A.B. asks: 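Sharing a structure below in structure tokens format, with a few things to ask.
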Amino acid sequence: MEKEDLKKLHTPTLYLLGGETDIAYNNGMDDYKRINHVPVYVANLDVGHGGTYREPHGGEFAKVATAWYLWQMKGDKEASKMFVGDDCGLCNDDEWKFESKNQNF
């Protein structure tokens, strides 16, 4: 994918990254900065590339990914609380570094 392709995004987008040691970190954060036309979220957990998917039940990354899919695909308002609101789950979790923007689209 080329950076120009980011303009083709038409749905809310989530980046799950493994922190600054993740080989995908710089590229993912650059994408996040460039996306300004759809809601975009980035969650970083300092575990490196591959996240926690090798842990039982996929670990913390799987919890976040599942909540995202439930919210985006099924409109689950409870799952959305992980990502939106002043008291969002990722906002208040010291383990995660979380940012979002363009939520008013």
Side-chain angles (χ1 to χ4, degrees):
M1 181 165 107
E2 301 294 325
K3 294 293 181 176
E4 280 295 308
D5 292 331
L6 294 171
K7 294 177 182 174
K8 297 176 186 176
L9 292 172
H10 55 85
T11 59
T13 302
L14 170 68
Y15 284 82
L16 280 177
L17 301 170
E20 293 183 18
T21 62
D22 183 345
I23 193 169
Y25 176 82
N26 289 331
N27 189 52
M29 293 304 295
D30 182 61
D31 286 1
Y32 174 79
K33 290 174 188 163
R34 291 172 184 256
I35 299 169
N36 292 306
H37 63 286
V38 296
V40 61
Y41 305 78
V42 63
N44 273 289
L45 184 64
D46 192 18
V47 293
H49 195 66
T52 62
Y53 293 115
R54 291 184 180 160
E55 293 178 10
H57 308 289
E60 290 298 311
F61 268 49
K63 288 179 190 176
V64 173
T66 300
W68 178 260
Y69 293 129
L70 288 171
W71 177 33
Q72 294 300 311
M73 306 293 258
K74 294 190 171 194
D76 186 320
K77 292 191 186 298
E78 190 63 32
S80 76
K81 293 178 183 177
M82 183 170 285
F83 307 97
V84 295
D86 293 335
D87 200 31
C88 83
L90 289 173
C91 300
N92 292 312
D93 189 326
D94 292 336
E95 300 277 321
W96 288 91
K97 291 181 183 171
F98 179 71
E99 296 178 53
S100 65
K101 64 182 185 176
N102 309 327
Q103 291 183 12
N104 295 329
F105 286 87

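Only a predicted model underlies this, so the values are computations on that prediction, with no experimental measurement involved.
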A.B. asks: Rounded to the nearest 0.5 Å, what separates atom SG in C91 from atom CD in E99?
C.D. replies: 10.5 Å
A.B. asks: Identify the heavy atoms of D87 and N92 that sit nearest to each other, and give their distance.
C.D. replies: OD1-ND2, 2.6 Å
A.B. asks: Nearest heavy-atom pair of A43 and F98: which atoms, and what distance?
C.D. replies: CB-CD1, 4.1 Å
A.B. asks: Go through N36 and K101 one step at a time and tell me if the side chain to side chain contact (heavy atoms under 4.5 Å, CB included) criterion holds.
C.D. replies: CA-CA 8 Å; N36 292 306; K101 64 182 185 176; 3.1 Å; yes
A.B. asks: Taking the side chain as every heavy atom from C-beta outward, state whether T13 and Y32 have any pair of such atoms under 4.5 Å apart.
C.D. replies: no
A.B. asks: Group every Ile, Leu, Val, Met, Phe, Trp and Tyr by side-chain heavy-atom contacts under 4.5 Å, then state whether L14 and Y25 land in the same group.
C.D. replies: no
A.B. asks: Using every non-hydrogen atom in the two residues, find where T52 and A62 come nearest and quote the distance to one decimal.
C.D. replies: OG1-N, 4.4 Å
A.B. asks: Please determine whether residues L45 and L90 belong to a single hydrophobic cluster, defined as Ile, Leu, Val, Met, Phe, Trp and Tyr linked transitively by side-chain heavy-atom distances below 4.5 Å.
C.D. replies: yes
A.B. asks: Is there a path of hydrophobic side-chain contacts, each under 4.5 Å between heavy atoms of I/L/V/M/F/W/Y residues, joining F83 to L9?
C.D. replies: no
A.B. asks: Measuring only between side-chain heavy atoms, which start at C-beta, is W71 closer than 4.5 Å to P12?
C.D. replies: no
A.B. asks: Test side chain to side chain contact (heavy atoms under 4.5 Å, CB included) on K3 and L6 and set out the steps.
C.D. replies: CA-CA 6 Å; K3 294 293 181 176; L6 294 171; 4.1 Å; yes
A.B. asks: Specify the closest pair of heavy atoms between M82 and A67, including all atoms of both residues, with the distance to one decimal.
C.D. replies: SD-CB, 3.7 Å
A.B. asks: Quick one: does any side-chain atom of D5 pair with a main-chain N or O of E2 as donor and acceptor, under 3.5 Å?
C.D. replies: yes
A.B. asks: Please step through side chain to side chain contact (heavy atoms under 4.5 Å, CB included) for the pair M29 and E20, ending with a clear verdict.
C.D. replies: CA-CA 10 Å; M29 293 304 295; E20 293 183 18; over 6 Å; no
A.B. asks: Using side chain to side chain contact (heavy atoms under 4.5 Å, CB included), reason through Y15 and V40 one step at a time and then give a plain yes or no.
C.D. replies: CA-CA 8 Å; Y15 284 82; V40 61; 4.2 Å; yes
A.B. asks: Quick one: does any side-chain atom of H57 pair with a main-chain N or O of K63 as donor and acceptor, under 3.5 Å?
C.D. replies: no
A.B. asks: Could you tell me whether I23 atom CD1 has more than 12 heavy atoms of other residues or ligands within 6.0 Å of it?
C.D. replies: no
A.B. asks: What distance separates R34 CZ from E4 CD, expressed to the nearest 0.5 Å?
C.D. replies: 8.5 Å
A.B. asks: Shortest non-hydrogen contact from Q103 to Y41?
C.D. replies: NE2-CE2, 3.4 Å
A.B. asks: What I'd like to find out is whether the side chain of L16 reaches to under 4.5 Å of the side chain of Y53, using heavy atoms alone.
C.D. replies: yes
A.B. asks: Nearest heavy-atom pair of F61 and L17: which atoms, and what distance?
C.D. replies: CZ-O, 3.4 Å
